[in-house]
Amino acid sequence: MTIDVSDMGLAGAGARRIEWAAREMPVLASIRERFAKDRPLRDLRVGACLHVTAETANLMLVLRDGGAGVALCASNPLSTQDDVAAALVANEGIATFARKGEDRDSYYSHINAVLATKPQITMDDGADLVTELHTKRRELLPDVRGGTEETTTGVTRLRAMAAEGVLAYPIVAVNDALTKHLFDNRYGTGQSAVDGILRATNLLLAGKIAVVAGYGWVGRGIASRLRGMGSIVLVCEVAPLPALEAAMDGFEVTTMAAAAARGDLFVTATGNVNVIGCDAIGALKDGAILANAGHFNDEIDLRALGEQAADRRELRPFVEEYRLRDGRRVVVLGEGRLVNLAAAEGHPPAVMDMSFANQALSVEYLVARGRTLKREVYPVPRELDEDIARRKLAAMNMKIDSLTAEQAEYAKSWKAGT
Ligand code: ADE
């Protein structure tokens, strides 16, 4: 397949959007500078399946300047910024296959177009590229030296593959770096999910009852931002420890069965399926708004909703109203896909700066060390994580103290007591 983007006429706008994002990505810029000088990725073929955004574009430029040939497709049918895709092709020589709103067939044909470039490194967000490679394009596996994975859902899938002994090459779990999930998942999704909900609906959040399903890093971020905007936030969780944490963070913890009839707004962030299922749909208030911030669009049971609906219509972009046979109206944002990317622009660049610094440094690590690694899921080395934190602090003009020699000694000793 040749390059496939929506409209090359958007390249100018895309270039400006990429430039604007770059201003908030100083850590990535410092890596780009070093990569351009040292070319650690010389002649490497990288196949990336990521949300095609201005932030991703900046990562692609780092890889390209490091010497890699890069092919890029979308990791979600609704997350592509068409102007950015056009700019990558027109101005930057990045083979890009992505259109906002592409259907499932196009989504997978774009993944296959990237695989056709015979990547030596895969860079995935959700593990669809890796799954396609392992199930349908196994003849390409011998070329692959390693991979990286951006998100919680993808890491969960990869761990399942490794546990079954089917993972064919080492993959670095970028998501698990502290400079990734503590900031991107929490503050990035927290802010951008609210941004997506507001852009789509123009809803006043103050005084609304918001139900957040899932209290992982993403759920924590969303719950805290919704509370900050004045919503009364209920949290639903299946695991006792995060549920307890939510309770002590000051949220009411309850079940979906109990929350369903109370919520004005629901946001799912569990990584699991049918979290708002048939029964919950049966109990929703008239006008309830449903949004998803988890990786896949299966957290809201859209099939059950469709079955209960007499008709449906688009009220505004990314706002679809289902009129149920009993007369209630239920509103779904962004087709139940990641609301922050479908209806807004995804995480702000300042946070993707750290996530994508982890990506770039993990690729460099795989090139240097890949041959010594097993077919397992690896963490980002701690020293890279700390290096990124230091660079980010420096870019934010924040200084930190160092231990004195006495304190360093004290921290290692066990003899001093009361
Ligand atoms: N995931 C969440 N937000 C993103 C963004 N802005 N760019 C790429 N991937 C993302």
Side-chain angles (χ1 to χ4, degrees), residues 14 17-25 27-28 46 48-63 70 72-85 87-88 94 96 98 100 107 110 114 122-129 148-155 173-177 179-197 199 216-219 221-222 225 267-269 271 291-297 318 334 337-360 362-363:
R17 200 201 278 242
I18 295 168
E19 181 190 329
W20 177 248
R23 291 189 193 179
E24 288 273 83
M25 304 183 87
V27 179
L28 206 55
V46 178
C49 178
L50 299 171
H51 301 297
V52 179
T53 63
E55 294 72 36
T56 296
N58 278 291
L59 171 61
M60 297 300 104
L61 301 185
V62 176
L63 302 177
V70 187
L72 172 67
C73 65
S75 58
N76 184 299
L78 266 191
S79 62
T80 297
Q81 294 168 359
D82 286 324
D83 54 354
V84 168
L88 283 173
I94 308 285
T96 305
K100 185 164 179 117
Y107 177 76
H110 289 157
V114 166
T122 62
M123 185 175 275
D124 217 344
D125 185 335
D128 281 348
L129 182 94
T148 62
E149 171 52 54
E150 171 76 5
T151 202
T152 318
T153 297
V155 171
V174 165
N175 180 72
D176 294 358
T179 46
K180 201 279 183 181
H181 67 264
L182 286 183
F183 305 94
D184 164 317
N185 302 27
R186 181 167 37 170
Y187 304 120
T189 320
Q191 177 171 313
S192 62
V194 172
D195 185 16
I197 292 163
R199 288 196 204 193
W217 291 110
V218 168
I222 295 169
R225 268 41 190 163
V267 190
T268 52
N292 168 51
H295 186 78
F296 286 122
N297 59 331
F318 311 113
R337 299 190 187 278
L338 283 161
V339 71
N340 60 334
L341 283 140
E345 295 174 68
H347 304 352
V351 87
M352 295 313 294
D353 188 28
M354 290 189 280
S355 311
F356 284 167
N358 276 291
Q359 287 282 6
S362 295
V363 173

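All ligand and atom numbering here is 1-based and tracks the order in the structure.
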(Q) Pairs of nitrogen or oxygen atoms closer than 3.5 Å, one from His51 and one from ligand 1: do any exist? (A) no
Q) Against heavy atoms of Glu345, which atoms of ligand 1 measure under 4.0 Å? A)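 The list of qualifying atoms is 6 (N).
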(Q) Within ligand 1, which atoms have a heavy atom of Phe356 less than 4.0 Å away? (A)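 Answer for ligand 1: 8 (C).
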Q: Would you please say whether a donor-acceptor pair under 3.5 Å links the side chains of Ser192 and Thr189?
A: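 No, because no side-chain N or O of Ser192 sits under 3.5 Å from a partner of the opposite role on Thr189.
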Q | Closest protein heavy atom (residue, atom, distance) for atom 7 (N) of ligand 1 | A |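 Of every protein heavy atom, Thr53 OG1, 2.7 Å lies nearest to atom 7 (N) of ligand 1.
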(Q) To check your reading of the model: name the closest protein heavy atom to atom 3 (N) of ligand 1, its residue, and the distance in Å. (A)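 Nearest protein contact, heavy atoms only, for atom 3 (N) of ligand 1 is His347 N, 2.8 Å.
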Q.
If we check side-chain hydrogen bond (donor to acceptor under 3.5 Å, both in side chains) with Asn175, which of these qualifies: Asp125, Asn185, Asp184?
A.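 Exactly one candidate clears the test, Asn185.
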**Q.** Val174: which of Val363, Thr179, Asp124, Thr148 passes side chain to side chain contact (heavy atoms under 4.5 Å, CB included)
**A.**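 Option passing the side chain to side chain contact (heavy atoms under 4.5 Å, CB included) with Val174: Thr148.
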Q) Could a heavy atom of Glu150 be found less than 4.0 Å from some atom of ligand 1? A) no
Q: May I ask whether Thr56 places a heavy atom under 4.0 Å from ligand 1?
A: yes
Q: Take Thr151 and Val155, measure what side-chain contact (heavy atoms from CB on, under 4.5 Å) needs, and give me the verdict at the end.
A: CA-CA 6 Å; Thr151 202; Val155 171; over 6 Å; no
(Q) Applying salt bridge (Lys or Arg N to Asp or Glu O under 4.0 Å) to Arg199 and Asp195, what does each step give before you reach the verdict? (A) CA-CA 6 Å; Arg199 288 196 204 193; Asp195 185 16; 2.9 Å; yes
Q: In sequence, state the C-alpha distance, the side-chain angles, and the governing distance for Thr153 and His295, and then conclude on side-chain hydrogen bond (donor to acceptor under 3.5 Å, both in side chains).
A: CA-CA 7 Å; Thr153 297; His295 186 78; 5.3 Å; no
Q | Under-4.0 Å heavy-atom contact with ligand 1, by part of Glu55 that carries it | A |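 The answer is the side chain.
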